[in-house]
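Here is how names work: the chains are called A, B, and so on, in the same order as the sequence lines, proteins then strands, and each is numbered from 1.
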Amino acid sequence: MAKNIKPRADDYSQWYLDVIKAAQLADYSPVKGCMVIRPEGFAIWEAIQRDLDRRFKDTGHVNAYFPLLIPQSFLTKEAEHVEGFAMECAIVTHTKLQKGADGKLAPAAPLEEPLIIRPTSETIIGHMYHEWLQSYRDLPILINQWCNVMRWEMRTRLFLRTAEFLWQEGHTAHETAEQAQTETLKMLDVYAAFAESFLAIPVIKGAKTDAEKFPGAVTTYCIEALMQDGKALQAGTSHNLGQNFAKAFDIKFLGRDQKLQHAWTTSWGVSTRLIGAMIMAHSDDEGLVLPPKVAPYLIAIVPIFKSPEEQQKVAAFIDKLLVQLVGEEELAAAKARQTDPALPRYFFDKVTNQAIIVDWRDNRPGDKQFHWEQRGVPFRIEVGPRDVDQNAFVLKKRLDRSKEPVQLTDAITPQWLRAQLDTIQIAMFEKAKQFRDANIRTAGSYEELKKLTAEQGGFIRAHFTPSKEIEAKIKEETKATVRCIPFDHNGDKATSGKDIYTGQETTTQVIFAQSY
RNA sequence: CGGGGCGUAGCGCAGCCUGGCUAGCGCACCAGACUGGGGGUCUGGGGGUCGCAGGUUCAAAUCCUGUCGCCCCGACCA
């Protein structure tokens, strides 16, 4: 039992914060709502960036960078957009601090036009696309940027909703509506594939209702994930912006038909919220559980010894094991690297920056077990004198907390480790998927929806015709919202049925859930 | 912005109601010893303007007033 982590069943919210704290992923900052991402947490973000960025490049996108500050007037150019974001904007109004008569520093030199700290970059990027775009030959524009954004949320939670957060935002411009739609759905697929294969989080793809869509979008698509407490989390969005922003920012080009016309744009993004999703999807009462593809440390080796002689014997064996897993060269390189000698790191994969760490700190072995377990390291290897005598080590799996002795034969190779990691990666996805699937229920009536949200949570499928007014009413009464209109799920086709609220016949099925 | 809770060592807390001796405890930290296969034991040690500002009092962590901040719940949130 982890003594510093509250069990999920007692207080899920506290459990989540305890897991983050125990794994040292993040910390509160002096500014309310802002978060410090610590090295262990940032390594996860780096892994996400690395893999996603590859996927963006593979689909033809390039990276660029646009400024943090946006003229206030830009925000007002798209009506829905300003309405959606005005309430949570941070505004820069002055350029310097000066000592006043009372000796205290106060803002001086007010700006002529206040600047907004970007809550998202459609407006400034729209402005630039206006400047850059002339002809259909310039299209498509396929740009992504990795950056921070700021949304002054009333209430924040580490990773899930912070005032400032890191994300990527793709912004593309196309010649035709069809191309923009293809792009929007393509990126939704990229997100879904990434969430499932890299983060091992099963997601449902679908469209948002008008009530839930991005301010200024024609259609918003999303991937929705289910957390262990039965609440939904929007893990990524892809927006077809139609010509809304093109019109607001005058993004025009001369077409093949020799006519000046507005471009069709899209935007899509995922954020550090994914880290929160990953924590909540996989971790247990013992702490963080990381999918192998995300983990900065793949194995933590815990040596067991009493005397210096035993230490030497164990160290020699660990070196032998390391040579088989990372090679002679890396073993020597690691020793030359001169990091903390008590915690030497050996790169298993330099491309993904994933390492094996050996814990030589002068602590009890039990401490070390808890230490690495709480940090979600997929495997721990225990090596003591008894193991060395039998030419073996003890392999402990974080996922199911099992342990088994393994002989150190020629079979212990990088391929062996990769196979082990793949098995865990798949098992984690399957486990999460089983949980998710077991928590998809169908409501045949509004009463049933009320009952299910109150008693069971999870995703609730129902026949329903989206309507802002009715959705607001349902939200008020059940705290549940339409998470999405799913494309299709487990092969079950949307068949006609009675709208749970109005009773009218409809072919539209939606997924309701309480969400983060 | 509304409701609730809380500011005392790095962290977690007791003490406050009913003012009074040198402000305590646990964890963490440092030194040493015994230890070592899932959070060990002992000894010694360092660390505090009790959130801040006023007030009452012989005397304030404790009472009063004000103020600042944080956390949780709600409203809000592509």
Side-chain angles (χ1 to χ4, degrees), chain A residues 1-6 11-14 16-18 21-22 24 27-34 80-81 83-89 119-120 122 149 151-158 160-163 165 167 169 207-224 233-241 267-271 273 286-287 302-308 310-311 314 359 361-374 380-390 392-394 396 401 403 405 472 475-476 479 481-484 515-516:
Chain A
M1 250 307 270
K3 56 190 178 189
N4 54 344
I5 298 174
K6 205 168 193 72
D11 184 345
Y12 191 82
S13 195
Q14 190 58 47
Y16 173 73
L17 295 171
D18 287 347
K21 200 165 190 191
Q24 297 194 340
D27 212 341
Y28 295 103
S29 84
V31 179
K32 183 179 159 72
C34 292
E80 273 186 32
H81 194 68
E83 202 178 310
F85 285 108
M87 294 301 284
E88 47 194 67
C89 278
T120 178
E122 275 75 9
V149 289
R151 298 179 189 182
W152 213 269
E153 303 282 359
M154 295 261 181
R155 205 172 134 209
T156 57
R157 295 192 87 188
L158 292 179
L160 297 180
R161 181 173 294 111
T162 47
F165 57 92
W167 77 344
E169 45 180 331
K208 286 289 186 192
T209 62
D210 283 348
E212 300 278 330
K213 78 177 164 67
F214 177 77
V218 171
T219 313
T220 289
Y221 299 94
C222 63
I223 51 171
E224 290 285 327
L233 184 76
Q234 178 177 298
T237 47
S238 185
H239 317 291
N240 185 337
L241 304 175
S267 69
W268 27 273
V270 297
S271 71
R273 168 182 270 198
E286 304 303 323
V302 177
I304 315 273
F305 57 88
K306 292 177 197 163
S307 60
E310 282 185 346
Q311 175 169 8
V314 166
D359 193 345
R361 292 173 306 161
D362 189 19
N363 289 346
R364 310 269 303 183
D367 287 334
K368 299 180 185 179
Q369 301 286 2
F370 280 103
H371 181 91
W372 300 110
E373 181 167 61
Q374 298 199 331
R380 275 166 289 144
I381 284 180
E382 209 173 62
V383 179
R386 291 207 299 266
D387 305 307
V388 178
D389 291 340
Q390 291 164 36
F393 55 84
V394 178
K396 297 187 169 184
R401 307 188 76 218
K403 57 175 180 177
K475 185 180 179 185
E476 202 176 303
K479 290 185 189 169
T481 50
V482 175
R483 299 322 300 156
C484 70
S515 76
Y516 276 97

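Across all strands shown, A:Gly84 has no heavy atoms under 4.0 Å from either base or sugar-phosphate atoms. Among the protein residues, A:Val394 comes within range of the nucleic acid bases, having at least one heavy atom under 4.0 Å from a base atom.
Taking a 4.0 Å limit (strictly below) on heavy-atom distances, residues 366-373 of chain A reaches RNA chain B at A:Gly366, A:Asp367, A:Gln369, A:Phe370, A:Glu373.
When the ring pair (Phe, Tyr, Trp, His ring centres under 6.0 Å) test is applied to A:Trp372, the partners found at least two apart in sequence or on another chain are A:Tyr297. Looking at residues two or more places apart in sequence or on another chain, you find a side-chain contact (heavy atoms from CB on, under 4.5 Å) between A:Gln311 and A:Phe305, A:Trp360. For A:Phe214, the ring pair (Phe, Tyr, Trp, His ring centres under 6.0 Å) partners two or more places apart in sequence, or in a different chain, are A:His81, A:Phe85, A:His239.
A close approach under 4.0 Å does occur between a side-chain nitrogen or oxygen of A:Arg364 and OP1 or OP2 of B:G37.
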Under 3.5 Å between N/O atoms: give me all the protein pairs with nucleotides 25-34 of chain B, atom names plus distance.
none

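The base of B:G37 does not come close enough to the side chain of A:Lys306 for any donor and acceptor atom to sit less than 3.5 Å apart.
The existence of a salt bridge linking A:Glu373 and A:Lys396 is excluded, since no basic side-chain nitrogen approaches an acidic carboxylate oxygen closer than 4.0 Å.
No more than 12 heavy atoms of other residues, nucleotides or ligands lie within 6.0 Å of CH2 in A:Trp152, so this atom counts as exposed by the packing criterion.
The separation of B:G48 from B:U43, taken at their C1' atoms, amounts to 25 Å, rounded to a whole angstrom. When the P atom is used for both B:C21 and B:G40, the distance is 37 Å, rounded to whole Å. Annotation: B:A61 and B:G55 have their P atoms spaced 15 Å apart (nearest Å).
In RNA chain B, runs of at least 3 stacked Watson-Crick or G-U pairs (N1-N3 plus N6-O4 or O6-N4, or N1-O2 plus O6-N3, all under 3.5 Å) give these stems: B:1-7 with B:68-74, B:10-13 with B:24-27, B:29-34 with B:40-45, B:51-55 with B:63-67.
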